[in-house]
Amino acid sequence: MKVLVVDDSKIARMGVIKSIKEVYPNAQLLQAINGLEAVELYEKENPDVVFLDLTMPVMDGYEALGKIMEINKEAQVIVITADIQNEAKLRVLVAGAKNMYPKPINGEIMAKIFKQDILL
Ligand SMILES: [Mg+2]
């Protein structure tokens, strides 16, 4: 399984990666630090799952989500953000995200995400 982790904060990326490794120790992990990198890596690597931050420089998560869904309408994107407003959640769900979770994520939440939101 190939997973793309997108966040401008290294600490946040490391937190998501640690949680993924608790559930899937052998997952192949890719990282991007903004939406533009994420879209480029998505296109090149076709990951099974994307964990996507919303607030990022260069290209934010909303725009990246739109572009990823244009590349693959079956893309499995989970938004992980500090912006937990219902408006943000509705917006990303309408745009095609599988679900949205507040930061920080731990192994228990990650296990739940893979069980209920992701098809492998
Ligand atoms: Mg951010």
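As the structure lists them, so they are numbered: ligands from 1, and atoms in each ligand from 1.
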Exercise for review: Go around the Mg ion (ligand 1) and count every protein N, O or S atom nearer than 2.8 Å.
Suggested key: 3
Exercise for review: Test salt bridge (Lys or Arg N to Asp or Glu O under 4.0 Å) on Glu22 and Lys18 and set out the steps.
Suggested key: CA-CA 6 Å; Glu22 283 178 32; Lys18 182 169 176 278; 3.6 Å; yes
**Study point:** Minimum heavy-atom distance between Met56 and Ile33, given as atom pair plus value
**Key:** SD-O, 4.3 Å
Practice item. Could you check if a side-chain atom of Leu29 sits within less than 4.5 angstrom of a side-chain atom of Lys21, using non-hydrogen atoms only? Key: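 SC-SC contact between Leu29 and Lys21 confirmed.
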Point to revise | Side chains of Pro57 and Asp8 in contact at under 4.5 Å (non-hydrogen atoms) | key: yes
Review point. Which pairs, with at least one residue in residues 50-72 and sequence neighbours excluded, count as a salt bridge (charged side-chain N to carboxylate O under 4.0 Å, His left out)?
Key: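 Listed by first then second residue: Asp53-Lys103.
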Exercise for review: Determine whether the side chains of Gln85 and Asp83 contain a donor N or O and an acceptor N or O closer than 3.5 Å.
Suggested key: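 Yes, Asp83 and Gln85 have a side-chain donor paired with an acceptor closer than 3.5 Å.
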